[in-house]
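What follows is a single structure, written as structure tokens, with notes after it.
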Amino acid sequence: MTARVLVGVKRVIDYAVKIRVKPDNTGVVTDGVKHSMNPFCEIAVEEAVRLKEKKLVQEVVAVSCGPQQVQETIRTALAMGADRGIHVEVSGKDYDSLGPLQVSKILAALAKKEEASLIILGKQAIDDDCNQTGQMTAALLDWPQGTFASELVIEGDKVKVVREIDGGLETIKLNMPVVVTADLRLNTPRYATLPNIMKAKKKKIANMKPGDLGVDMTSRVEVLRVDEPPQRQAGVKVESVEDLVSKLKEAGRI
Amino acid sequence: CNGARERTLSALRAVAGDEGVCVGAALREQHGRDESVHRCRPPDVVVFPRCVEEVSALAKICHHHRLPIIPFGTGTGLEGGVGALKGGVCFSLRKMDQVLDLHQEDFDVTVEPGVTRKGLNSYLRDTGLWFPVDPGADASLCGMAATSASGTNAVRYGTMRENVLNLEVVLADGTVFCTAGRGRRPRKTSAGYNLTNLFVGSEGTLGLLTKATLRLYGLPESTVSAVCSFPSVQAAVDSTVQVLQAGVPIARIEFLDDVMIDACNRFNSLSYPIMPTLFLEFHGSSRSLEEQVTITEEITRENSGSDFSWAEDEETRAQLWKARHDAWYAALALRPGCKAYSTDVCVPLSRLPQIIVETKQDLITNNLTGPIAGHVGDGNFHCIMVLNPEDPEEVKRVHEFTERLARRALAMDGTCTGEHGVGLGKRALLREELGPLAMEVMQGLKATLDPKNLMNPGKVL
């Protein structure tokens with residue numbers, strides 16, 4: 001039986017919030033804005049917990065990188081059924097420039113330290129849409145990867161993954177240890193219930209810094225500017241087909 | 001007259017901004033209809049206030065010019081409540097969409113009128129709490145308070161009447177006040193007249209609701225769903241009564257008649273036995289669920305119930321309940337191209353078998369399509385009348401049927417509307433239901449709170 005699953009969870013602005021760009025165009029407004037667990041990370045946690053319920057894995061460890069507040073996100077994972085958490089403290093400038101490269105280095109180091117044989121991540125985060133962390137983590141560890149998973153089955157020391165791809169579905173078999181990234185249809189995550197939230201308060205969250213894992217947090221990416229998409233202009237109503245054609249010609253479209 | 005109109009519009013714009021005051025035909029029509037069969041009655045203007053101060057200032061302008069005020073949430077009402085019968089100003093409250101003041105340990109939350117029930121439950125999803133009142137639509141919570149809405153799990157969690165702790169109200173003259181005192185949210189109180197419940201169900205005729213403080217509940221630890229068929233309506237209702245008497249804290253108990261089951265089978269290629277059927281749902285811990293299901297199964301068996309199936313995992317539960325979930329669409333599919341109108345009466349449980357049997361006979365005698373779905377644990381049921389709205393003869397027959405149905409319910413100590421409200425179409429029935437003296441009291445309250453009759457005129461009273 002596989003020992004340990006590592007699940008990465010990211011704290012992001014809640015999907016229902018209307019995003020506003022900061023007046024200085026350096027980023028989006030995050031102060032006072034509702035945050036929650038990235039929806040694809042919820043799916044990843046759900047899958048890991050289901051594997052544990054089926055007794056196919058022994059322990060689910062939830063990991064998050066960021067400032068103090070990410071502990072709430074780890075607590076949610078614990079309330080969903082993860083056994084313990086790891087909070088890798090990243091704050092200030094390091095947090096502003098935190099991206100898939102740094103996170104994947106951290107996850108790779110943790111996977112070795114915790115002797116995990118399975119890493120499940122969301123396929124992407126809804127704030128940056130990078131879709132890179134899973135792939136980079138697998139590369140750093142030299143592990144096989146099953147990305148965009150809509151189905152995950154453990155068969156002995158192998159993992160069967162059904163992937164959502166452009167043409168339809170692709171089924172692959174991977175030797176463990178592996179990295180899997182969760183796509184939308186992998187499962188429907190459970191809601192945390194009050195009794196489980198209470199129990200989660202007693203579960204342990206370990207604290208560490210990237211330095212403890214020997215990870216270099218330098219970013220090679222610099223954000224120059226953030227802008228809102230252009231405002232939608234009002235449409236124009238025309239009375240006849242001739243009008244329409246002449247307007248299209250005026251606009252250089254035909 | 002044009003000058004006066006322009007001056008009024010300018011005054012409104014000075015409060016709500018240029019984008020907050022709309023006179024375009026399409027937008028006005030959008031705000032003159034809901035999901036009922038009543039025809040569109042567009043207002044003269046639609047305003048979009050952003051805060052309670054703007055609502056109050058706009059109301060003052062309307063009050064000064066004697067313009068009707070029609071509050072608008074999501075437009076998902078079923079009784080024509082938003083039609084601007086006398087024109088006027090529709091107050092669309094959708095820009096006020098914040099969840100304020102969540103108190104997890106106290107199980108309460110305050111919301112603005114633009115927050116819908118699904119929006120709130122999504123906001124709450126990490127807290128282990130939820131707001132269980134679930135009418136079919138994803139309605140505005142303040143709109144639900146205004147119509148005293150209810151849902152399929154009222155039998156366990158109650159309706160809006162039991163779950164609104166406080167309301168912020170704006171009266172027609174712009175006065176702003178809180179029905180239970182500003183910021184107050186005790187779980188119970190005996191302080192003064194129950195103004196909160198006066199406004200719950202007032203359907204926009206007494207004031208605009210700009211904040212609602214709601215009672216929250218813990219999410220169920222586990223859920224089990226079950227289905228069971230019965231040889232008769234009586235057997236199904238008897239089972240319901242006995243389940244309640246046995247103290248089973250059942251969460252949902254829904255009834256579909258044989259006509260509805262047949263429609264569902266055809267719509268989804270299912271194969272439920274074509275008999276009166278109960279759809280049940282239980283909430284609780286695993287241990288408590290085992291007990292609840294065992295007791296219930298025994299009761300259904302004693303009442304000649306058959307094919308009792310139950311499930312705990314989400315996918316199978318969804319399959320078992322598919323007929324109930326698709327009932328509306330299955331009914332519509334019986335006669336493609338037609339529209340559907342849902343009746344809504346509620347009687348004491350013991351009278352339910354009789355009223356359903358008499359109603360089914362009425363449908364057959366009058367050649368009407370009306371499959372039945374009901375919240376049988378509350379004595380509340382709906383006939384989904386499928387009709388061709390372009391056929392005046394059929395429209396007339398359906399209208400007369402619904403009047404007979406309402407009077408049948410009244411004759412059995414019931415009500416002409418269990419959850420949809422009085423709106424436009426049931427005012428005469430309300431008078432019959434309450435009697436002249438209670439109506440006088442209601443008229444008196446209306447005259448006190450809205451002497452110029454500007455708040456949603458032509459509705460309820």
Side-chain angles (χ1 to χ4, degrees), chain A residues 9-18 20 32-39 41-43 45-47 49-50 53-54 62 64 69-82 126 151 185-201 231-232 234-237, chain B residues 18-19 22 24-27 50 94-109 111-112 114-132 138 216-223 251 283-289 312-319:
Chain A
V9 296
K10 185 177 183 185
R11 180 175 182 266
V12 297
I13 295 178
D14 188 89
Y15 78 89
V17 168
K18 283 180 209 126
R20 283 187 348 256
V33 168
K34 182 165 201 278
H35 284 65
S36 46
M37 188 189 294
N38 180 41
C41 299
E42 286 179 348
I43 298 174
V45 173
E46 175 66 27
E47 197 63 19
V49 172
R50 286 189 189 188
E53 285 170 348
K54 288 184 207 155
S64 195
Q69 294 95 312
V70 307
Q71 295 217 0
E72 291 160 19
T73 315
I74 301 175
R75 288 277 168 220
T76 305
L78 296 173
M80 286 173 69
I126 60 171
E151 206 185 310
R185 275 161 280 273
L186 182 58
N187 60 50
T188 308
R190 67 196 63 192
Y191 287 112
T193 62
L194 276 176
N196 287 336
I197 291 175
M198 297 283 107
K199 280 186 220 157
K201 290 192 178 155
Q231 286 274 9
R232 202 179 153 183
V236 174
K237 271 186 171 172
Chain B
D18 284 337
E19 339 73 58
C22 298
L27 216 65
R50 293 160 291 198
R94 71 156 192 239
K95 283 190 178 174
M96 296 168 63
D97 62 358
Q98 294 304 297
V99 174
L100 314 162
D101 307 330
L102 166 65
H103 299 105
Q104 290 185 46
E105 286 169 4
D106 301 321
F107 289 77
D108 68 65
V109 67
V111 298
E112 289 187 328
V115 180
T116 66
R117 64 172 182 89
K118 288 187 187 176
L120 176 61
N121 282 331
S122 171
Y123 184 97
L124 294 171
R125 68 192 186 283
D126 294 335
T127 61
L129 300 169
W130 70 315
F131 186 70
D138 185 18
L216 299 173
Y217 295 77
L219 279 167
E221 262 192 78
S222 306
T223 305
H283 293 172
S285 66
S286 296
R287 272 190 299 186
S288 137
L289 287 176
E312 193 166 346
D313 69 280
E314 198 179 339
E315 286 85 9
T316 320
R317 282 196 289 115
Q319 262 172 42

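Everything numeric in this text was worked out from a predicted model, so none of it was measured. Every chain is numbered from 1, with letters handed out A, B, ... down the list of sequences.
Note on A:R11 versus A:E42: no salt bridge recorded, every NZ/NE/NH1/NH2 to OD/OE distance being 4.0 Å or above. B:R125 has a carboxylate O that lies under 4.0 Å from a charged side-chain N of A:D14, or vice versa, which qualifies the two as a salt bridge. Under a 4.0 Å N-O distance rule, the pair A:K18/B:D97 qualifies as a salt bridge.
Looking at A:P189 and A:V45, their side chains never come closer than 4.5 Å, going by heavy atoms from C-beta outward.
Using a 4.5 Å cut-off between heavy atoms, B:S285 does not touch chain A at all. Residue contact with chain A, scored on non-hydrogen atoms closer than 4.5 Å, involves the side chain of B:E314 exclusively. Interface remark: A:S36 contributes backbone and side-chain atoms alike to the contact with chain B (heavy atom separation under 4.5 Å). The contact between A:I197 and chain B is made entirely by side chain atoms (from C-beta outward), counting heavy-atom distances below 4.5 Å. Residue B:Y217 does not touch chain A at all, counting heavy-atom pairs closer than 4.5 Å.
The neighbour count for B:R94 CZ, taken as heavy atoms of other residues, nucleotides or ligands under 6.0 Å away, does not exceed 12.
Across A:R190, A:K34, A:M37, the residue that shares the most heavy-atom pairs under 4.5 angstrom with chain B is A:K34. Counting heavy-atom pairs closer than 4.5 Å to chain A, the top residue among B:G218, B:G119, B:G128 is B:G128.
A:Y15 and B:S122 are linked by a side-chain donor-acceptor pair at a separation below 3.5 angstrom, with hydrogens and angles left out of the test.
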